[in-house]
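Structure record follows, encoded as structure tokens.
Because only heavy atoms are used, hydrogens play no part in the values below, and waters and symmetry mates are left out as well, while side chains stay in.
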Amino acid sequence: MAQHAPPGYLGTGTDVGCRIIVSEPAARPGGSQQLPPLAGFYPPVFPGDGTNSRAAHSYPPVITGNDADRQAAAAWRGQPAPIVAPHMAAYGHGGGGQGPMMGQRDEEAPGGAKGTPWGSLGMLGYRYHRNTSVNWLGWGLFLFYLATLGYYLYVRLTSTLNLGLHYQWYGVLVLVVEVMGASTVVLYGVNLLFLPEPPKYKPDPGRPGLPKVTLPYHVRVLVPCYREELEIVQRTVLAALDADLPAGCARTVYLCDDGKDPEKRKWVAGLQDDVVYISGRARKPGEMNGKSGNLNFCAAQLYPKGVPIPGSELIAVFDADQVAKREFWLRTVPLFDGGDDVGMVLSPQCFHNLRLACDIFNHANVHFWEYMQPGYDALGFISCTGTNFLVRAKAFMEAGGSPTYTLTEDFALGLEMAKWGWRCRYVQEYLAIGEAPTEIRNCFQQRSRWTKGHFQIIMNLRRCPLFQFRLRPFDRVMYCSGVWSYIVGAVTTFTFLSIPLLTIWIGVFPVALSKQFALALTLYSVAMNSLLYYVRVPWHVESLWFANVCNQLMWWAYVKAFLRSLLSRVCCCFMRIAFKATAKGKGRLGSSAAGDIWLHCLFFVLLATSIGVGIWQLVVGDTVINTLLVYIHQLQQSANQTIQLVHN
């Protein structure tokens with residue numbers, strides 16, 4: 001349970017027009033007064049050490065919903081080059097021209113050759129060169145899997161489908177499902193073939209042990225919130241504010257409050273000028289993604305139309321519960337020096353309330369953060385994950401802002417940026433700590449939202465990655481692989497849950513058994529599990545197993561999400577999909593999960609009953625109807641006859 005901030009953080013403030021004026025400066029967060037850490041896992045808010053001093057900047061006013069505030073905001077935007085910090089003046093135009101405003105269509109955005117953002121170099125004067133290394137063990141396991149897959153499919157096609165005229169279709173159907181499952185293993189294995197070289201940081205001679213940056217970056221930290229408790233938001237804002245910056249850089253934190261909470265506004269009023277409260281957005285009827293609308297509203301205040309966006313302007317996004325570690329900016333900001341076309345830097349997520357030993361919903365997501373994302377990084381694929389990431393402001397605006405046409409705005413943002421040739425870098429360090437949903441209902445709701453968002457993109461011909469010809473063919477396949485994994489997860493889980501029921505109750509087994517099939521299945525199983533459970537750290541095996549468990553638990557959620565997405569696409573006037581944020585704090589309690597797990601309970605009862613029936617059939621002997629047991633009995637009789645012939 002988060003604790004309240006001490007009174008010293010609030011100070012006293014009055015509103016003049018739309019700018020919050022602090023009449024008595026509040027204590028600097030992280031100074032003599034420090035927010036106490038959460039009991040257990042949250043890191044403390046790190047005290048400042050005086051290294052983050054910065055010149056005074058011109059900050060936008062607090063944006064609220066009344067006319068006076070909007071007029072004052074408009075007056076502020078009339079100032080010359082408001083988004084360019086004073087130390088940017090030496091760079092003249094700031095790196096290359098005006099970006100398209102959010103909402104602009106692709107054809108309206110300026111640009112040059114495919115894969116070259118803006119068609120020219122910017123403030124750095126060079127593009128990013130990606131260094132990778134070959135993962136020879138990954139290659140060996142991948143090729144071993146492909147070889148055994150080929151042998152297994154050969155055996156299945158040539159010797160296991162002779163089930164008779166009435167049941168051959170059943171064997172073919174199961175084989176098709178197996179091929180679907182194998183395709184996802186292949187897509188996963190591709191990510192294990194190459195490894196990105198660890199980022200190299202230039203040392204700062206004036207600050208030993210700390211990295212140096214080429215450009216004086218200004219990080220605009222956006223913290224979108226809606227109805228989260230103040231204590232949760234406080235930790236996120238203060239941690240982002242107190243994390244050390246590379247020398248010469250500046251930062252402003254914007255609390256983007258879609259809930260228009262007066263308590264949050266009062267709290268921000270007591271902080272210094274490097275924290276700004278933004279609210280008052282008019283939510284559109286039928287709005288699909290409130291988080292994107294919130295982020296775009298804030299970005300529109302920061303980067304008004306007609307003002308050039310320098311390449312040194314960065315946007316960072318933290319969900320309301322994500323607490324940055326002190327070294328967050330030191331490990332992420334310098335990576336933008338890699339080249340003018342580096343548009344995004346990602347970092348993984350971890351959670352303070354997570355017990356790895358019982359993570360059946362795979363919140364740790366080790367297979368993604370430790371194996372898939374590094375592979376994506378090495379292959380140049382952008383897979384944005386919604387929080388704890390930075391994006392070059394110019395790239396963000398060129399992509400049209402945070403996408404509002406899907407529930408998975410993070411996934412879509414990566415896709416849109418890839419279309420314009422922007423590059424992504426991945427920091428394989430856990431630099432922020434959040435709160436994972438632990439209640440069953442919240443877990444299913446979160447995964448359902450992710451699944452719906454992916455299906456929304458695939459079902460939209462204008463947005464479907466397969467038809468985005470500005471993407472590389474590899475990227476088109478990979479952007480569709482998420483949806484394909486949802487489909488395969490649902491189909492394979494249902495199929496393999498049903499096979500034991502059909503075998504025991506009806507007596508139909510989908511495979512004609514033989515020694516050759518047993519050999520092929522054994523080799524294939526060893527190769528598949530060796531690839532899927534390839535780890536560089538032994539304890540990761542457990543987390544990778546939980547990823548498989550979670551995929552089986554979520555299969556019904558995948559089915560419902562697909563149907564809901566399809567109906568909303570076909571009957572868009574009668575069924576709309578809305579963004580539902582994952583509940584945090586006290587809001588997590590009180591939701592029933594009966595609608596999510598009833599089918600799981602039904603299958604559990606059926607399978608448990610079938611085990612009893614199968615044991616009974618095995619005991620009674622002559623009444624066995626199980627095809628598998630009959631086949632074993634026939635083999636035994638053949639063996640007995642052979643033995644008798646030998647004796648005779």
Side-chain angles (χ1 to χ4, degrees), residues 59-60 62-65 73 83 99-104 218-228 232-233 236-237 240 251-261 264 268 275-284 287-305 309 313-322 324 343-347 349 382 384-417 422 424 432 434 449-450 453 456-457 578-582 584:
Y59 296 106
V62 173
I63 307 300
T64 61
I83 65 168
M101 296 300 102
M102 286 173 297
Q104 256 185 331
H218 193 142
V219 184
R220 313 282 181 169
V221 186
L222 308 188
V223 182
C225 63
Y226 183 45
R227 294 178 179 174
E228 290 84 357
I232 294 176
V233 175
T236 301
V237 170
R251 144 193 55 201
T252 312
V253 181
Y254 301 87
L255 182 59
C256 311
D257 183 17
D258 235 10
K260 305 175 184 177
D261 185 353
K264 292 187 179 73
V268 171
V275 182
V276 179
Y277 179 88
I278 296 184
S279 186
R281 181 177 73 92
R283 299 175 67 93
K284 298 179 181 178
E287 182 179 63
M288 181 184 300
N289 194 316
K291 178 182 176 181
S292 285
N294 193 4
L295 292 173
N296 292 341
F297 178 77
C298 180
Q301 316 307 318
L302 297 176
Y303 306 107
K305 189 173 183 179
I309 304 177
E313 280 284 315
L314 305 179
I315 293 175
V317 177
F318 287 94
D319 282 351
D321 64 306
Q322 293 290 327
M344 180 178 288
V345 173
L346 301 170
S347 69
Q349 301 170 25
I382 302 178
C384 182
T385 49
T387 184
N388 312 343
F389 72 91
L390 292 89
V391 60
R392 205 180 292 270
K394 191 163 61 174
F396 183 77
M397 303 301 277
E398 180 174 90
S402 186
T404 58
Y405 56 81
T406 175
L407 296 180
T408 49
E409 76 292 333
D410 46 1
F411 174 79
L413 177 60
L415 189 155
E416 296 293 339
M417 290 181 61
W422 291 99
C424 177
R449 183 177 73 244
W450 296 351
Q456 284 176 317
I457 297 173
F579 185 94
K580 296 180 181 179
T582 304
K584 306 291 183 183

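- Of the possible polar contacts, none joining the Glu287 side chain to the Thr404 backbone as a donor-acceptor pair under 3.5 Å is found.
- You'll find the side chain of Trp422 reaches within 4.5 Å of the side chain of Lys394, heavy atoms only.
- With Ser402 contributing its side chain and Asn296 its backbone, the two residues share no donor-acceptor pair below 3.5 Å.
- Taking all atoms of both residues into account, the shortest heavy-atom contact from Ser279 to Phe297 is O-CE2, 3.6 Å.
- When all heavy atoms of Lys291 and Pro224 are compared, the closest pair comes out as CE-CG, 4.2 Å.
- When every heavy atom of Gly453 is checked against every heavy atom of Thr408, the shortest pair comes out as C-OG1, 3.2 Å.
- Between the side chain of Ser347 and the main chain of Asn388, a donor-acceptor pair closer than 3.5 Å is present.
- A distance-only check finds no donor-acceptor pair linking the side chain of Asp321 to the backbone of Gly434 [under 3.5 Å].
- Side-chain N or O atoms of Glu416 include none that pairs as donor or acceptor with a backbone N or O of Gly414 at under 3.5 Å.
- Between Val317 and Phe389, the closest side-chain pair of non-hydrogen atoms falls below 4.5 Å.
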Discussion item. Run the side chain to side chain contact (heavy atoms under 4.5 Å, CB included) test on Met417 and Glu398 for me, step by step, so that the C-alpha distance in whole Å, both residues' side-chain angles and the decisive distance to 0.1 Å come before the verdict.
Written reply: CA-CA 8 Å; Met417 290 181 61; Glu398 180 174 90; over 6 Å; no
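- Partners of Phe318 by ring pair (Phe, Tyr, Trp, His ring centres under 6.0 Å), not counting sequence neighbours, listed by chain and number: Phe328, Trp329.
- Applying the salt bridge (charged side-chain N to carboxylate O under 4.0 Å, His left out) criterion to Asp410, with sequence neighbours excluded, gives no partner residue.
- Among all heavy-atom pairs drawn from Cys424 and Ile382, the shortest one is CB-CG1, 3.4 Å.
- Applying the side-chain contact (heavy atoms from CB on, under 4.5 Å) test between Thr252 and each of Val219, Val276, Val221, Leu222 identifies Val276 as the sole match.
- Between Arg220 and Glu313 there is a salt bridge, since at least one side-chain N of the basic residue sits less than 4.0 Å from a carboxylate O of the acidic one.
- Looking at Arg283 and Asp258, a side-chain N of the basic residue comes within less than 4.0 Å of a carboxylate O on the acidic one, giving a salt bridge.
- Asn289 and Pro403 get closest at one heavy-atom pair: ND2-O, 4.3 Å.
- Of the inter-residue distances, the one linking Arg227 atom CZ with Ile232 atom CD1 reads 14.5 Å to the nearest 0.5 angstrom.
- For the pairing with Met344, the side-chain contact (heavy atoms from CB on, under 4.5 Å) check across Leu314, Ile315, Leu390, Leu413 returns one residue only, Leu413.
- Partners of Asp261 by side chain to side chain contact (heavy atoms under 4.5 Å, CB included), not counting sequence neighbours, listed by chain and number: Asp257, Glu263, Lys264.
- Contact detail for Ser292 and Glu409: the closest heavy-atom pair is OG-CB, 3.0 Å.
- Although no hydrogens or angles enter the test, the distance criterion places no donor-acceptor pair under 3.5 Å between the side chain of Thr406 and the main chain of Ile457.
- To the nearest 0.5 Å, atoms CG (Leu255) and OH (Tyr277) are separated by 7.0 Å.
- Rounded to the nearest 0.5 Å, atoms CZ (Phe411) and SG (Cys384) are 11.0 Å apart.
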